[in-house]
Amino acid sequence: MNNIVRIQPMQYIHLLDLNTNVTVLEVGPKSSILQDNHKLVEGPLPFVVIPPGHYCVIENPVKQPCEPGKQCDLNHGYREMRFFKEPFPLYPGESIEGARKLSAYKSGIKALPVIGPSEGLQLSAIIDHMDGDEERKTGDLWQLEGPLTYRPTPYAEIVRRVKPRIIKYGQAIRLKAKQGLVDKTGKKRVTSEEWLIRDLGAYLPGVYEEVVGIEKAHTLTETTALQMRAKQTCTDALGKKRNAGDEWLVTSEDTEMYIPEVSEVVVAEVSQTVLSRKEYCIVTDPIDSKGRNQLGKKELRKGVTAFFLHPGEDLDGGILNSYILEADEALVLSAIDHFDDDSVKKKCHRSPGDRWMIFGPVEYIPPIEVTVKSRRKAMPLCENDGIYVRDTQSGAVRSVMGPQSYLLRAYEELWEKELSDDVENILKSGGGIGSGDIRKMAYFESSVDPSVVKAGGRDKTRAIVYRCPGNTAVQVYDYLRKTARVIFGPDLVVLGPHENFNVLSLSAGKPKKPNALKTICLMLGMDFITDIIEVETSDHARLKIRIAMNNFFEVERGNDDSEQAIFAVPDYIGNACKSVASRIRGKVAQVPFDEFHRYSTSVIKKAVFGVDKDGKIKQRLVFEANQLVVTNVDIQSIEPVDMQMSESLSKSVQMAIEISTKSTERSAKHEAKRTEQMAKGMLERQKLTNEKEAENARVKLFELRAVTAAVESSGQTKAEAQAQAERLLIEGESAIEVAKLKAVAEEEKEGELEHQKQLNELELRKAKELAQIEANKLAAMVKAVSSDTIKKIARSGPESQVGLLKGLGIQNVLITDGCTPLNLYQSSSGFGQPGMMS
């Protein structure tokens, strides 16, 4: 039954003939009986059914269909396309591309490629063949455009499907030629050439056309334009021929949307330059009517207007505002080239280097030939306010004072007056600089200019104005005329361009230090001068005397010599202090300490003022050099300088301090001793109390120790007895447990012996029964066969051998096979004679 193969209708098998080694096709319906030399290779398998609109690829197809059961020749290495038709079997050696097994042929059935509208299918030639009227070479590429259904051929393979590129409004496709070709417009393209497709709709790239990208259009408005440059000689998108390197503008007047050609590049997006009514600009290198730049030229453009800067053009200074001048303003202008000036009432010619002014009110836009040097506004000057003005032609400097409004002329400029650092600091401080502890600094507080302090410094072009404090004098020197003038306060000092203050460097402090106070003010008095003078008496007692001198300057105002004389001594304070100190030292050196101590005021006044013919003290001391008058000398304090005198004065004070200190110390010691004795008594009492409490605690300790010893001794005996009893109890219980365990062990041993005995009996019974079974079996077998049969069986072998030997002519031969037993006692008499073989 296994050798019969039943083949149903629409089924087939592959049958191998082992003798011829040929595999043949058998088609149902039939039943095939497999012979010994037949082998079923495949099947039964269903016929291959190709639905409509599908196909399959047959590899190694037969050269020509043959009848089932016959050997067929195969086209090895070839492929055959089969489409919708009657079901068919596969001949031996044929296979379906894409199907792993013949039974699973459906995986190799493919749908026919359907190419939609505007789509394409790229094909590649596998071998040389004719495609209709066109010859295809191996490796050639071509493309089929839809709509169509493609029937594959074995000579070409599908490379890929090509989707169309949609060109929207304002877009273009940029293509590149992979090799030389003719595009769809019939134009020849060389390798790597690029071009644009601008037609709206779907575009299907060719086989050798590469889509580089989508180019978007630039939207141009009235205010924007594109600056383009040609990379090579070409025709731009507007149809104009451009040379390599040319640059041009594309505006909304040319087109609303612009897509550059491949040979064009967008340099920049240019915004429209818009000039309002009050604006203007200067365009450098403007273009002419032919679109070429006029290098080196400039063009003035005034508002209202709007324009685009062409390539190469630029704005000199950007968009500028026209100059709107008020009535008190003017512009300083200078000509840089020849031109006719029509901005004035009377037209005139200007030459390079000319300088002039145009006054407001006016709106002015300078021509290209004119440069604006500066814009000037009239400066309002109040009374006692002024500026320094310098003539740039002659170099002369003058001051212009108010009240007036002054506008600088064309060849005038503001001049900065420089002062030394000392004068700058003196003016900031109100007239003097020095340490804060100098009393005379208070004179200058009222002369501090708050506007200068707020501004952080003076305006050097403004005339220097100083408010001279009351009862002071300021000397100003003119370096140009080499003259000096004196101003008495309270008054206002205004410096001319060539004038400067006379700075006084005065001594200050106690004792006086030179150059401690710098000022431009001379305090006329009444005032006082303080100083500390060190003197020595005739008995060599050295003392420090603090004095204060009332002084003033005796000046005749209106008399120039008298006014200048008060500034003859720069440091009048140091000079007066030195002169007075010299007089005092000389007088004090002539009197002893006791006399000076008792008549110090009289001695000092006589030393300073002197005495008249009547022996009376004079009332004043006059310094003729600078007209300084000292009217009084006040002694504020006298202190010894000698250490011995200071010690003698301090010893008395120290003795009094020591007496009071010792009395306080003794009373404190007495109080300390009394407190110490009371503390010692309390300490002894506390010691006795503590010893009593310690003895009581010691008694309690001994009592507790006795109780503890008793408890310890009784507890040890009791614990030993209890431990001995527990030991004996444990030993007895252990002996009982051991006896029980031994009894259990004996019982278990007897049980094991009984068990082993029963096992042995069972084994013996089993052996007897098996022997009985064997004997019964042998008897039954002998009975079934019968003894005669057994005898015949035993004799059949030797008898046949004897007969055979007799037939050969051999007599009295005993033949045995070495296994059959022989009864030697029952053998014939001839046994053992010659001729016996074994």
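Since the model is a prediction, treat every value here as computed from it, not as a measurement. Values below: every heavy atom of this structure, side chains too, minus hydrogens, waters and symmetry copies.
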Please report the interatomic distance CG(Leu414) to CG(Leu408), rounded to the nearest 0.5 Å. 5.0 Å

Over all heavy atoms of both residues, which pair between Ile324 and Glu329 is shortest? Give the atoms and the distance, please. O-OE1, 3.7 Å

Within a reach of under 6.0 Å around CD of Gln393, are more than 12 heavy atoms found that belong to other residues, nucleotides or ligands? yes

Hey, are Glu193 and Lys176 close enough for a salt bridge, meaning a charged N less than 4.0 Å from a carboxylate O? no

Determine, step by step, whether Leu175 and Val212 satisfy the side-chain contact (heavy atoms from CB on, under 4.5 Å) criterion, reporting the C-alpha distance in whole Å, the side-chain angles of both residues, the deciding distance to 0.1 Å, and the verdict. CA-CA 6 Å; Leu175 300 177; Val212 179; over 6 Å; no

Check whether more than 12 heavy atoms from other residues, nucleotides or ligands sit under 6.0 Å from atom CD of Glu418, and answer yes or no. yes

To the nearest 0.5 Å, what is the distance between OG1 (Thr23) and CG (Leu18)? 9.0 Å

Greater than 12 external heavy atoms within 6.0 Å of Arg79's CZ: yes

If we only count heavy atoms from C-beta on, is the Asp285 to Glu313 side-chain gap below 4.5 Å? no

Flag, side chain of Asn293 to backbone of Pro311, donor-acceptor distance under 3.5 Å: yes

Would a 4.5 Å heavy-atom cut-off, applied to side chains only, mark Trp142 and Asp131 as touching? yes

Applying salt bridge (Lys or Arg N to Asp or Glu O under 4.0 Å), which residue pairs with at least one partner in residues 142-155 are found, sequence neighbours left out? Glu145-Lys184

So, do Glu59 and Glu94 sit near enough that their side-chain heavy atoms are less than 4.5 Å apart? no

side-chain contact (heavy atoms from CB on, under 4.5 Å) for Val57 and Glu80? Distances and angles first, verdict last. CA-CA 6 Å; Val57 180; Glu80 180 183 341; over 6 Å; no

Can you check whether Cys66 reaches Gln71 side chain to side chain, under 4.5 Å on heavy atoms? no

How long is the gap from OH on Tyr91 to CG on Leu25, to the nearest 0.5 Å? 6.0 Å

When you check the side-chain N and O atoms of Asp128 and Thr138, is any donor under 3.5 Å from an acceptor? yes

Donor-acceptor pair, Arg161 side chain versus Glu119 backbone, under 3.5 Å? no

Do you see a donor-acceptor pair shorter than 3.5 Å between the side chains of Asn75 and Asn60? no

Side-chain (Asp17) to main-chain (Asn21) donor-acceptor, under 3.5 angstrom: no

Can you tell if the side chain of Leu315 reaches within under 4.5 Å of the side chain of Leu309, non-hydrogen atoms only? yes

For Leu204 and Val162, what are the C-alpha separation, side-chain angles and deciding distance, and is it a side-chain contact (heavy atoms from CB on, under 4.5 Å)? CA-CA 7 Å; Leu204 190 65; Val162 182; 3.5 Å; yes

Does the plane of the ring in Phe83 sit parallel, tilted or perpendicular to the ring in Tyr55? Use 30° and 60° as the thresholds. tilted

Is there a salt bridge (charged side-chain N to carboxylate O under 4.0 Å, His left out) between Arg189 and Asp183? Walk through the geometry before answering. CA-CA 7 Å; Arg189 304 290 182 181; Asp183 63 8; 3.0 Å; yes

What do you reckon, is NZ of Lys178 surrounded by more than 12 foreign heavy atoms closer than 6.0 Å? yes

Scan residues 205-224 for pairs that pass side chain to side chain donor-acceptor pair (under 3.5 Å), counting only residues two or more places apart or in two chains. Arg174-Glu215, Tyr203-Glu209, Thr221-Thr223, Thr221-Thr224

Taking all non-hydrogen atoms of both residues into account, name the closest pair between Ala217 and Ile259 and its distance. CB-CG1, 3.3 Å

With a cut-off of 6.0 Å (strictly less than), are more than 12 heavy atoms of other residues, nucleotides or ligands near NZ of Lys85? yes

Decide yes or no on side-chain contact (heavy atoms from CB on, under 4.5 Å) for Val332 and Val372, but give the supporting numbers first. CA-CA 6 Å; Val332 180; Val372 178; over 6 Å; no

If you measure from SG on Cys281 to CD1 on Ile319, what distance do you get to the nearest 0.5 Å? 6.5 Å

Donor-acceptor pair, Thr233 side chain versus Asn243 backbone, under 3.5 Å? no

Decide yes or no for Val304 and Leu275: does some side-chain heavy atom of the first lie under 4.5 Å from some side-chain heavy atom of the second? no

Any ion pair linking Lys63 and Asp73 (charged N to carboxylate O, less than 4.0 Å)? no

Check for a donor-acceptor pair, side chain of His14 on one end and backbone N or O of Leu90 on the other, with a separation under 3.5 Å. yes

NZ/NE/NH1/NH2 to OD/OE distance under 4.0 Å, Arg277 and Glu279: no

Beyond-backbone contact of Pro260 with Met228, side-chain heavy atoms, under 4.5 angstrom: yes

Glu413 and Thr392: side-chain hydrogen bond (donor to acceptor under 3.5 Å, both in side chains), yes or no, with the steps? CA-CA 7 Å; Glu413 64 180 5; Thr392 57; over 6 Å; no

Which heavy-atom pair separates Lys137 from Ala125 by the least distance, and what is that distance? O-CB, 3.1 Å

Ring-face cation contact, Tyr323 with Arg375, 6.0 Å cut, 45° max: no

Only residue of Arg242, Lys241, Arg198 satisfying salt bridge (Lys or Arg N to Asp or Glu O under 4.0 Å) with Glu261 is Arg198

Do we get Lys101 above Tyr105's six-membered ring, with its NZ or CZ under 6.0 Å from the centre and within 45° of the axis? no

Approximate separation, where rounding is to 0.5 Å, of Leu300 CG and Asp316 CG: 11.0 Å

Taking every heavy atom of Glu264 against every heavy atom of Ala237, the minimum-distance pair comes out as OE2-N, 3.1 Å

So that I can tick it off, tell me whether Lys377 and Asp328 are bridged by a salt bridge, with the cut-off set at under 4.0 angstrom between side-chain N and carboxylate O. yes

Any side-chain heavy-atom pair from Ile282 and Glu299 closer than 4.5 angstrom? no

Which pair of heavy atoms, one from Val5 and one from Leu40, lies closest together, and at what distance? CG2-CD2, 4.2 Å

Enclosure of Tyr155 OH (heavy-atom neighbours >12, cutoff 6.0 Å): no

Quick one: do the Gln232 and Ser263 side chains pair a donor with an acceptor below 3.5 Å? yes

State the CG-SG distance between Asp246 and Cys234, to the nearest 0.5 angstrom. 9.0 Å

Does a donor on one side chain and an acceptor on the other come within less than 3.5 Å for Ser32 and Glu26? no

For a quick test of reading the model, state the closest non-hydrogen atom pair linking Gly180 to Thr191 and the distance between them. N-OG1, 3.4 Å

Greater than 12 external heavy atoms within 6.0 Å of Glu256's CD: no

